[in-house]
Amino acid sequence: VTSALRGTPYHMIIPPYFPDEDPMVPIRYIVETGSADGLIINQIEPDDPRVRYLMEHKFPFVTHGRTHMCDQHAYFDYDNTAFGTLAVRALARRGRKRIAMLAPPISQPYAQSMIAGAKAAATELGVSFTTIKGADAHCDNPVIEEAIVPIYHRPEPPDGLIATSIGGCVTMISAVEELGLTLGQDFDMVAKEAITFLRRFRSDIMVVNEDIDLAGTFLARALMHRISSPDEPPMQQLDVPNPDATL
């Protein structure tokens, strides 16, 4: 984002926000005080009250993710349906039959899209798919460990895993390996990452890359476009992962 703003009249500020606070508080403050020219918001919900508020007040904004109203506003999103689909297909190609995903929080649209893509692919290929209960990709490591270890004490534990974050991937693999199983033999892992790291941790991980530089650049340009040209159609982009270039 800051690179895209270089040489423009704009600079980036990050208002403080905490998970236990009302997410509308900083949004209202910025709009009511005029302390910014526009907003980039993330952790989007399907019917996001922040988006409705900003649209009602005609305040320039762009979302990292899509709402149910995304045809009316600027956004950049990663095609998480495609990620879920290609992750299951990659595991099935390795002969995996029981696939489990550590999904993002289900309240967020990208989690729903990811799960939908994985379920559709699993049905098509005749393999089982489930999400790990009791934890999501935003949880702390101990919570993820507590959720995944009991699964591997069942008669038919997963032989294919999908992680949607670097931390979740590392925690899942570490927990399963401590039970005596071997990555690449007893189970396989497909994980999404935004920085190059996971293959340095375990070379057998099948990695799907998410280009955060592309996202940041587009979000900044789309926001400047909303500020300068509010009557023009909003800029929108969907980043579709290329399975041939990632797995």
Side-chain angles (χ1 to χ4, degrees), residues 42-46 63-68 70-71 75-133 135-138 144 147-148 151 156-173 176 183-184 187-199 202 204-215 218 236-247:
N42 68 347
Q43 296 189 8
I44 301 304
E45 297 179 358
T63 62
H64 188 196
R66 288 171 290 174
T67 68
H68 290 335
C70 64
D71 60 324
Y75 68 80
F76 181 94
D77 200 9
Y78 180 84
D79 191 339
N80 287 285
T81 303
F83 168 74
T85 300
L86 70 88
V88 168
R89 286 178 177 170
L91 290 167
R93 283 198 299 270
R94 294 200 176 185
R96 302 309 180 184
K97 302 293 186 182
R98 302 178 302 277
I99 298 170
M101 173 190 288
L102 181 66
I106 194 62
S107 63
Q108 298 183 12
Y110 80 106
Q112 298 169 21
S113 297
M114 193 181 296
I115 293 169
K119 283 183 175 179
T123 299
E124 174 192 343
L125 298 170
V127 300
S128 70
F129 170 80
T130 186
T131 56
I132 295 171
K133 309 304 180 187
D136 61 52
H138 291 185
I144 296 173
I148 194 168
I151 298 174
E156 292 188 333
D159 57 6
L161 295 173
I162 302 172
T164 60
S165 67
I166 291 176
C169 175
V170 171
T171 302
M172 292 166 75
I173 290 176
V176 176
L183 179 65
F187 72 101
D188 280 301
M189 166 70 79
V190 175
K192 183 171 70 166
E193 69 176 5
I195 59 172
T196 303
F197 169 78
L198 288 174
R199 284 205 172 111
R202 293 289 186 276
D204 288 330
I205 299 172
M206 293 182 282
V207 176
V208 180
N209 297 300
E210 181 174 1
D211 192 337
I212 57 171
D213 289 335
L214 175 65
F218 185 89
Q236 302 169 339
Q237 184 167 332
L238 183 64
D239 181 19
V240 182
N242 180 354
D244 295 330
T246 53
L247 294 177

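Each residue takes its place number in the sequence, starting with 1. Because only heavy atoms are used, hydrogens play no part in the values below, and waters and symmetry mates are left out as well, while side chains stay in.
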Under the side-chain contact (heavy atoms from CB on, under 4.5 Å) rule, collect the residues that match up with T171, sequence neighbours excluded. N141, I144, E145
Sidechain-backbone polar pair: [X] side chain, [Y] backbone, donor-acceptor under 3.5 Å:
X: N80; Y: Y78; answer: yes
X: R96; Y: D159; answer: yes
X: T67; Y: E45; answer: no

F76: partners by ring-ring contact (aromatic ring centres under 6.0 Å, His included), with sequence neighbours left out: F218
Looking only at heavy atoms, which two atoms of [X] and [Y] are closest? And how far apart?
X: A163; Y: M172; answer: CB-SD, 4.1 Å
X: A215; Y: H64; answer: CB-NE2, 4.1 Å
X: A191; Y: L198; answer: CB-CD1, 3.5 Å
X: N209; Y: V207; answer: OD1-CG1, 3.7 Å
X: P241; Y: L86; answer: CG-CD2, 3.7 Å
X: A100; Y: P158; answer: CB-CG, 3.8 Å

Could you pull out all residues at least two apart from E210 that satisfy side chain to side chain donor-acceptor pair (under 3.5 Å)? K192
Quick one: list whatever passes side chain to side chain donor-acceptor pair (under 3.5 Å) with K133, sequence neighbours left out. T131
List the steps and the verdict of side-chain contact (heavy atoms from CB on, under 4.5 Å) for F197 and V170. CA-CA 10 Å; F197 169 78; V170 171; 3.8 Å; yes
At what distance, to the nearest 0.5 angstrom, does [atom1] of [X] lie from [atom2] of [Y]?
X: I166; Y: T196; atom1: CD1; atom2: OG1; answer: 8.5 Å
X: D239; Y: D79; atom1: CG; atom2: CG; answer: 8.5 Å
X: L161; Y: M189; atom1: CG; atom2: CE; answer: 4.5 Å

State, with a plain yes or no, whether a side-chain heavy atom of I173 is found less than 4.5 Å away from one of I205. yes
Looking at side-chain heavy atoms only, is the closest gap between C70 and T63 below 4.5 Å? no
Evaluation steps, side-chain contact (heavy atoms from CB on, under 4.5 Å), between M101 and I132: CA-CA 6 Å; M101 173 190 288; I132 295 171; over 6 Å; no
Qualifying residues under salt bridge (Lys or Arg N to Asp or Glu O under 4.0 Å), relative to D77, sequence neighbours excluded: R66
Would you list the atom pairs, donor with acceptor, under 3.5 Å between side chains in residues 106-125 and any protein atom, with sequence neighbours excluded?
{"from": "Y110", "atom 1": "OH", "to": "H138", "atom 2": "NE2", "distance (Å)": "3.4"}
{"from": "Q112", "atom 1": "NE2", "to": "I106", "atom 2": "O", "distance (Å)": "2.9"}
{"from": "S113", "atom 1": "OG", "to": "P109", "atom 2": "O", "distance (Å)": "3.1"}
{"from": "T123", "atom 1": "OG1", "to": "K119", "atom 2": "O", "distance (Å)": "3.0"}
{"from": "E124", "atom 1": "OE1", "to": "R89", "atom 2": "NH2", "distance (Å)": "3.2"}

